[in-house]
**Student:** 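Please read through the structure below; I'll follow up with questions.
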Amino acid sequence: MKKAFKDKVMAVVRRIPNGRVLTYKEVARRAGNILAARAVGNILNKNYDPNIPCHRVVRSDGSLGGYNRGAQRKKELLKKEGAVRA
DNA sequence: CATTTGACGCCAA
DNA sequence: TTTGGCGCCAAAT
C-alpha cells in the first residue's frame, strides 16, 4: 500500500544529516503537504524507526517538541551533535 | 466507516 | 512576551 505521506516523511527525516535539524513544517513540505505538520509528528510518534533520526525534527518555534524515548533524550542527542537550526 | 488522538502551526487576546 | 484557541492533516482505534 502506498502510504505516500508516511513513507516520504520517513525518507526525508532519514536524509537529515548529522548536526542539522528540520522543523515539522519543513518536513511536511518536503513530504508533499506543508499543512500536515501535525500529521508528521503523529507518524513519527507511532512509527519510530532506529534508522530515522526523528530527534532531528523540531518545532518551528525552535522548541524541541517531544520524543518517544523522552524529550530529555532528544535534547541531549541534539546538543551532542551540535545541531543548529540552519 | 466514524471518531479520537496527537512529537504542530499560526493568529488573537 | 506569554497564553489560549482554532485550524490542519494522517494514522490508529
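Below, chain A is the first sequence line, B the second, and so on; all start at residue 1. Because the structure is a prediction, the values reported are computed rather than measured.
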**Student:** Just verifying a value: how many Å separate A/Met10 CE and A/Ile52 CD1, rounded to the nearest 0.5 Å?
**Tutor:** 4.5 Å
**Student:** Considering only nitrogen or oxygen atoms on both sides, find all protein atoms under 3.5 Å from nucleotides 9-13 of chain B and state each distance.
**Tutor:**
unit_1 : atom_1 : unit_2  : atom_2 : d
B/dG9  : OP1    : A/Ser60 : N      : 3.1
B/dG9  : OP1    : A/Ser60 : OG     : 2.8
B/dG9  : OP2    : A/Arg59 : NE     : 3.4
B/dG9  : OP2    : A/Ser60 : N      : 3.2
B/dG9  : OP2    : A/Ser60 : OG     : 3.2
B/dG9  : O5'    : A/Ser60 : OG     : 3.4
B/dC10 : OP1    : A/Lys25 : NZ     : 2.5

**Student:** Using whole Å, what does the distance between atom C1' of nucleotide B/dA7 and atom CG of A/Asp49 come to?
**Tutor:**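 Atom-to-atom, A/Asp49 to B/dA7, this comes out as 15 Å.
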**Student:** Can you give each donor-acceptor pair under 3.5 Å made by side-chain atoms of residues 59-74 of chain A, sequence neighbours left out, with the distance rounded to 0.1 Å?
**Tutor:**
unit_1  : atom_1 : unit_2  : atom_2 : d
A/Asn68 : ND2    : A/Asn45 : O      : 2.5
A/Gln72 : NE2    : A/Glu76 : OE2    : 3.4
A/Lys74 : NZ     : A/Val57 : O      : 2.6
A/Lys74 : NZ     : A/Leu64 : O      : 2.4
A/Lys74 : NZ     : A/Gly66 : O      : 3.3

**Student:** List in numerical order all residues of residues 12-19 of chain A for which some heavy atom is under 4.0 Å away from an atom belonging to DNA chain B.
**Tutor:** none
**Student:** Considering only heavy atoms from C-beta outward, does the side chain of A/Val13 approach that of A/Ile16 to under 4.5 Å?
**Tutor:**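 Yes - at least one pair of side-chain heavy atoms lies under 4.5 Å apart.
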**Student:** Table please: side-chain donor-acceptor pairs of residues 77-84 of chain A below 3.5 Å, with sequence neighbours left out.
**Tutor:**
unit_1  : atom_1 : unit_2  : atom_2 : d
A/Glu81 : OE1    : A/Arg56 : NE     : 2.9
A/Glu81 : OE1    : A/Arg56 : NH2    : 3.3
A/Glu81 : OE2    : A/His55 : NE2    : 3.3
A/Glu81 : OE2    : A/Arg56 : NH2    : 3.2

**Student:** What stem regions, each of at least 3 consecutive Watson-Crick or G-U pairs below 3.5 Å, can be found for DNA chain C?
**Tutor:** B:2-6 with C:9-13, B:8-13 with C:2-7
**Student:** Name each donor-acceptor pair under 3.5 Å that joins a side chain in residues 22-44 of chain A to protein atoms two or more places apart or in another chain, with its distance.
**Tutor:**
unit_1  : atom_1 : unit_2  : atom_2 : d
A/Thr23 : OG1    : A/Glu26 : N      : 3.1
A/Asn33 : OD1    : A/Leu35 : N      : 2.9
A/Asn42 : OD1    : A/Lys46 : NZ     : 3.0

**Student:** Below 3.5 Å between N/O atoms, which protein atoms pair up with nucleotides 10-12 of chain C? Just atom names and distances, please.
**Tutor:**
none

